[in-house]
Amino acid sequence: MDAGEIAGLIAAGAFLMLVIVLAVPILKLGRTIDAATRAIDDLTDRTGPLLTNVNETVENVNTTLGQVQVSLDGVNLQLAKVDTITEHAAHVTANVANLSTVVAAAAANPLVKVASFGYGLRKAVNNRRRADEDREVRETIKQRRKARR
């Protein structure tokens, strides 16, 4: 064996070692890529039903929002009716207030006259009684004075 063959054998051994050393990370990289591929496939399998459920939920929310809008429209119609009723009640209240003012004015004037007449009559009767009592007291006093003399 000459020196060229030995050098060739050494170079072949070194190349074999280099291939072995590089093969290990390449194999590990292949396993990592396989694991990543499996994880992506698993994620894809799990994401599909989840997105389907999200779509159904969004459709249900949209349906509910449509029903809420219909309900709000009904409530707005009822509120418009209540506003009309309230407006009519305000008119009726104003009319009743005006009517009670008219009745009070019409009834108050004669009632004031009757009350004044009653007061005057009571005052006159009381004055008459006092005058009678005063006269009786004066006569009694005069009779006592005469009796003393």
Side-chain angles (χ1 to χ4, degrees), residues 10-149:
I10 292 175
F15 185 72
L16 179 65
M17 289 299 265
L18 178 66
V19 168
I20 291 174
V21 167
L22 290 178
V24 170
I26 289 174
L27 288 175
K28 287 184 179 181
L29 181 64
R31 287 186 200 142
T32 304
I33 290 174
D34 289 341
T37 302
R38 280 191 302 269
I40 289 172
D41 288 341
D42 188 38
L43 182 65
T44 302
D45 291 343
R46 291 183 183 178
T47 304
L50 182 66
L51 289 176
T52 302
N53 289 340
V54 167
N55 285 337
E56 289 175 8
T57 303
V58 168
E59 288 174 5
N60 290 340
V61 167
N62 285 337
T63 301
T64 304
L65 286 175
Q67 292 170 348
V68 167
Q69 183 63 41
V70 169
S71 297
L72 286 176
D73 290 341
V75 167
N76 285 335
L77 287 174
Q78 294 301 319
L79 284 176
K81 290 178 182 178
V82 168
D83 284 344
T84 303
I85 291 169
T86 305
E87 191 175 313
H88 290 168
H91 289 302
V92 168
T93 303
N95 290 341
V96 168
N98 289 338
L99 181 62
S100 69
T101 302
V102 168
V103 168
N109 193 16
L111 288 178
V112 168
K113 288 179 181 178
V114 167
S116 297
F117 177 74
Y119 176 74
L121 188 61
R122 271 186 281 131
K123 188 91 167 167
V125 168
N126 285 337
N127 287 341
R128 181 81 170 192
R129 282 186 190 154
R130 278 192 208 137
D132 289 342
E133 289 173 1
D134 287 345
R135 192 175 339 113
E136 287 178 16
V137 169
R138 283 186 197 132
E139 286 178 13
T140 306
I141 292 173
K142 283 181 186 180
Q143 288 174 2
R144 285 185 186 166
R145 284 185 190 167
K146 285 183 185 179
R148 285 187 196 165
R149 291 187 194 168

What side-chain donor-acceptor pairs closer than 3.5 Å can you find for residues 135-147, not counting sequence neighbours?
| residue | atom | partner | partner atom | Å |
| --- | --- | --- | --- | --- |
| R135 | NH2 | D132 | OD1 | 2.7 |
| T140 | OG1 | E136 | O | 2.8 |

Sequence neighbours left out, cut at 3.5 Å: what donor-acceptor pairs do the side chains of residues 25-40 make with other protein atoms?
| residue | atom | partner | partner atom | Å |
| --- | --- | --- | --- | --- |
| T32 | OG1 | K28 | O | 2.9 |
| T37 | OG1 | I33 | O | 2.8 |

Taking only residues two or more places apart in sequence, or in another chain, which ones meet Y119 in a side chain to side chain contact (heavy atoms under 4.5 Å, CB included)?
R122, K123

R129: what forms a side chain to side chain contact (heavy atoms under 4.5 Å, CB included) with it, not counting sequence neighbours?
V125, N126

Would you sort out whether N127 and R130 count as a side chain to side chain contact (heavy atoms under 4.5 Å, CB included), showing the intermediate values?
CA-CA 5 Å; N127 287 341; R130 278 192 208 137; 3.7 Å; yes

Listing, residues 79-87 side-chain donor-acceptor contacts under 3.5 Å, not counting sequence neighbours, or none:
| residue | atom | partner | partner atom | Å |
| --- | --- | --- | --- | --- |
| T84 | OG1 | A80 | O | 3.1 |
| T86 | OG1 | V82 | O | 2.7 |

Atom pairs and distances, side-chain donor-acceptor, residues 99-106, under 3.5 Å, sequence neighbours left out:
| residue | atom | partner | partner atom | Å |
| --- | --- | --- | --- | --- |
| S100 | OG | V96 | O | 3.4 |
| S100 | OG | A97 | O | 2.9 |
| T101 | OG1 | A97 | O | 2.8 |

Under the side chain to side chain donor-acceptor pair (under 3.5 Å) rule, what pairs show up with a residue in residues 62-76, not counting sequence neighbours?
Q69-D73

In residues 45-58, what donor-acceptor pairs under 3.5 Å come from side-chain atoms, sequence neighbours left out?
| residue | atom | partner | partner atom | Å |
| --- | --- | --- | --- | --- |
| T47 | OG1 | L43 | O | 2.5 |
| T52 | OG1 | G48 | O | 3.0 |
| N55 | ND2 | L51 | O | 3.4 |
| T57 | OG1 | N53 | O | 2.8 |

